[in-house]
There are 2 protein chains.
Amino acid sequence: MTDVAREVGVTAKTVSRVLNDDGPVAVETRERVMEAVRKLGYQPNLMARNMRVGARDAAIGLVIPEMGNPFFGMVAGGVESVVRARGLTLIVGSSSESADLEQSLIATFLARRVSALMVVPSATSDHRHLRTERVAGLPIVFLDRPAVGLTADCVVSANREGARAGVAHLIAHGHRRIGFIGDLPATLYTRRERFQGYRDALDDAGVPFDRSLVETGHDQEAAQAAAVRLLALPVPPTALFAANNLASMGAVLALSRAGRRDVALVGFDDLPLAECLDPPLTVVAQDPEGMGVAAAELVLARLDGDKSKAQRALVSTRLLIRGSGEVPASR
Amino acid sequence: MTDVAREVGVTAKTVSRVLNDDGPVAVETRERVMEAVRKLGYQPNLMARNMRVGARDAAIGLVIPEMGNPFFGMVAGGVESVVRARGLTLIVGSSSESADLEQSLIATFLARRVSALMVVPSATSDHRHLRTERVAGLPIVFLDRPAVGLTADCVVSANREGARAGVAHLIAHGHRRIGFIGDLPATLYTRRERFQGYRDALDDAGVPFDRSLVETGHDQEAAQAAAVRLLALPVPPTALFAANNLASMGAVLALSRAGRRDVALVGFDDLPLAECLDPPLTVVAQDPEGMGVAAAELVLARLDGDKSKAQRALVSTRLLIRGSGEVPASR
DNA sequence: TTGACATATGTCATCGTTGACATTGAATCC
DNA sequence: GGATTCAATGTCAACGATGACATATGTCAA
């Protein structure tokens, strides 16, 4: 900025005034400044500016576990649309489901003085360390999974209810042996909730719970292997409930490769082209974009000074009946 | 930091020394400082630090057109793995395919003093304005699509070659009327290249080009409609070539809903569960993660001082034969 | 005992920017 | 014509951190 000022023959302050439309500036001076700015390719230093002004900057930080997982991609998309509409910038980083990386990402964001934080917590993280910031008035909203050790806003899917509905749907089609393919680790919030929904549905129908029908696989390949193991049981399940998108993909793959069109399948979370699969995939659809939007709106409300107590928003799910969930029980 | 210093009864400088492992500090002082840091929940102000040190910070900015599109998600994932391994932080923002938003995102990143820029340009953008930065030594790498009006590093798929191979595959199965479903706008780099590949394959085989077989749809729904239009032509195509993932999804949906298993289809870019579709989808697979990795490595090399001239890296594609592309020509 | 040296800490200036306040000159008013 | 006002610009300090250099204390060899 000093360079620009020297070029024009004024003080840095005057340049600052031009750039911020601050005090009065002579038309001619303004033009000469603008020209010098162009000529020198001057970029105002946001860091210095924010430091001086003391204001947290116009960026909001979002931490997600995986860039590659389309579910989080859609969540981020939802957040972004809202944040952008407010003229703020969204900064996204991924934690790879590691509590350490999550914490270091959060530290990076804080050090960069973001004006709010949105976090999809990784499986093993603890958020006690964020108490100070929360008390200091930094809006923090958790997405998809609630915070651990910290009371804070949070937007989650109706996991338990959705899973219950999905499994009840299978039971309604005559199934009593229903395999469950869930996330790793088993302590993960969404996994626990969906598992509870699975138990609920069984209990509601008086179907006994069989631990051997519960399998785990945290990526598509592992889920596929899990499905294969389930189908190889002495008394195999006649239906599968896949508790997340990757598990669904694994299950679809396993059934497809094994040519097992007699096994029913309901997935949690919708997949692209689910209706074109063979058979078309019945799912308990989440609304990832809606979650992002809801969370972002919550953050903006907090930024606007909403001081009401921390709330947990439930985003409902919808059972989309397409075929795979309506395969009747074979035995 | 001053607060911490006061708490301990030393100068800010001493606190700084402790935190940066700088000069010598008495063990006892160090401990007392650390304790005060914890107690007060002190967060060093990265902005102030970077300002003082003058260094660009340890963040790399990545601009992608869409958060929701899994293709870019995977690209970002690839970039991130490499960047993270170097201890740097990746900051991602989305431009919604708008040149204006892209430019403002870039400005935001520059103002934040990222140490390098990676950009998937939006369809209509121009990058002349980045000349100054490039000359000033800021590494800038373009991904998926090359820069416009600027010579810079760039990593792209072998679009033309891949499309040519995909269309040639259809021709080899007897098709001569092959519909093309491409991106919007038609001026988009990837669309142009893939279209050229389509033309190449037709020319190679001496198949006349028919303009009425070229349709456009920039999202899944539009692509589906485009496929429907193609199939309703007086002399309809016996095969379709979908030039990107959304187009493929639209085409699959259209064929599936119309029950047209007699129409062959090859998609550009792989889809999850493509092998479970009915028929399984033959694609020209890109390597989005590989593109991200390659681009990130290029950026790191530049950061390490590689001054060689701007290069364009081609990431090759693979034809994955699964069924939909081998449907024989019906007429 | 003294000076050379290392250790632990402090002082001051500075990074790029802007808030608070001062200065200058010209126009306006009574 | 002197007071008042306003426009245009300047001066200085400060944001939070650190680099360069200074100071104070202790240790040890000559």
Side-chain angles (χ1 to χ4, degrees), chain A residues 1-37 40-59 107-115 132-133 136 138, chain B residues 1-37 40-59 107-115 132-133 136 138:
Chain A
M1 176 177 271
T2 324
D3 298 340
V4 176
R6 193 176 322 114
E7 173 86 15
V8 182
V10 293
T11 332
K13 181 70 216 188
T14 302
V15 177
S16 167
R17 272 192 266 260
V18 172
L19 270 58
N20 297 291
D21 255 335
D22 204 12
V25 182
V27 184
E28 197 223 329
T29 311
R30 156 171 288 113
E31 275 167 10
R32 284 182 26 234
V33 168
M34 293 309 277
E35 196 188 315
V37 164
L40 301 181
Y42 164 77
Q43 283 277 352
N45 185 329
L46 248 201
M47 293 199 173
R49 175 175 211 291
N50 284 332
M51 192 180 85
R52 178 67 241 263
V53 178
R56 300 190 156 268
D57 76 10
T108 306
F109 284 162
L110 290 178
R112 252 164 249 287
R113 295 298 189 265
V114 294
S115 51
T132 325
E133 281 74 20
L138 184 80
Chain B
M1 177 175 272
T2 324
D3 300 339
V4 177
R6 192 175 324 113
E7 173 85 14
V8 182
V10 294
T11 332
K13 182 67 216 191
T14 302
V15 176
S16 166
R17 273 193 265 260
V18 172
L19 271 59
N20 297 290
D21 255 334
D22 205 10
V25 182
V27 184
E28 196 223 330
T29 312
R30 154 170 289 113
E31 274 166 13
R32 288 188 17 240
V33 168
M34 293 309 277
E35 196 187 316
V37 164
L40 300 180
Y42 164 77
Q43 283 278 350
N45 186 329
L46 248 201
M47 293 198 171
R49 173 174 212 292
N50 285 334
M51 192 181 86
R52 180 65 242 266
V53 178
R56 302 190 157 269
D57 75 11
T108 306
F109 284 162
L110 289 178
R112 253 165 247 288
R113 297 296 190 263
V114 294
S115 51
T132 325
E133 282 75 19
L138 184 80

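Chain identifiers are assigned alphabetically (A, B, ...) following the order of the sequence lines, protein sequences preceding nucleic acid strands; residue numbering begins at 1 within each chain.
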Only counting residues at least two apart or in another chain, list the ones meeting side-chain hydrogen bond (donor to acceptor under 3.5 Å, both in side chains) with A/R6. none

Among A/R30, A/E7, A/M1, whose side-chain contact (heavy atoms from CB on, under 4.5 Å) with A/V15 holds? A/M1

C/dA8 OP1/OP2 closer than 4.0 Å to side-chain N/O of B/T14: no

Closest-nucleotide mapping onto DNA chain D: is B/Y42 or A/A12 further toward the 5' terminus? I mean the 5' end. A/A12

Test A/R17 against every option in A/V33, A/T29, A/V25 by the side-chain contact (heavy atoms from CB on, under 4.5 Å) rule and name the one that passes. A/V25

Between D/dA17 atom P and B/R6 atom CZ, what is the distance in whole Å? 13 Å

Euclidean distance, atom CZ of residue B/R32 to atom C1' of C/dT9 [Å, nearest integer]: 12 Å

Within the structure, does a side-chain N or O atom of A/S16 lie under 4.0 Å from either OP1 or OP2 of C/dT17? no

Taking only side-chain N and O atoms of B/T29, does any of them lie within less than 4.0 angstrom of OP1 or OP2 on C/dT9? yes

Could you tell me whether the phosphate oxygens of D/dT18, OP1 or OP2, come under 4.0 Å of any side-chain nitrogen or oxygen in B/N20? yes

Are any of B/T2's side-chain N or O atoms less than 4.0 Å away from OP1 or OP2 of D/dG16? no

Let me know the distance between CE of B/M51 and P of D/dA14, rounded to the nearest Å. 15 Å

Please classify the nucleic acid contact of A/T11 as base, sugar-phosphate, or nothing, using heavy-atom distances under 4.0 Å. base

Among the candidates C/dT17, D/dT9, D/dA17, find the nucleotide nearest to the side-chain atoms of B/M1. D/dA17

Detail all sub-3.5 Å separations between protein N/O atoms and N/O atoms belonging to nucleotides 19-24 of chain C.
unit_1, atom_1, unit_2, atom_2, d
C/dG19, N7, A/K13, NZ, 2.7

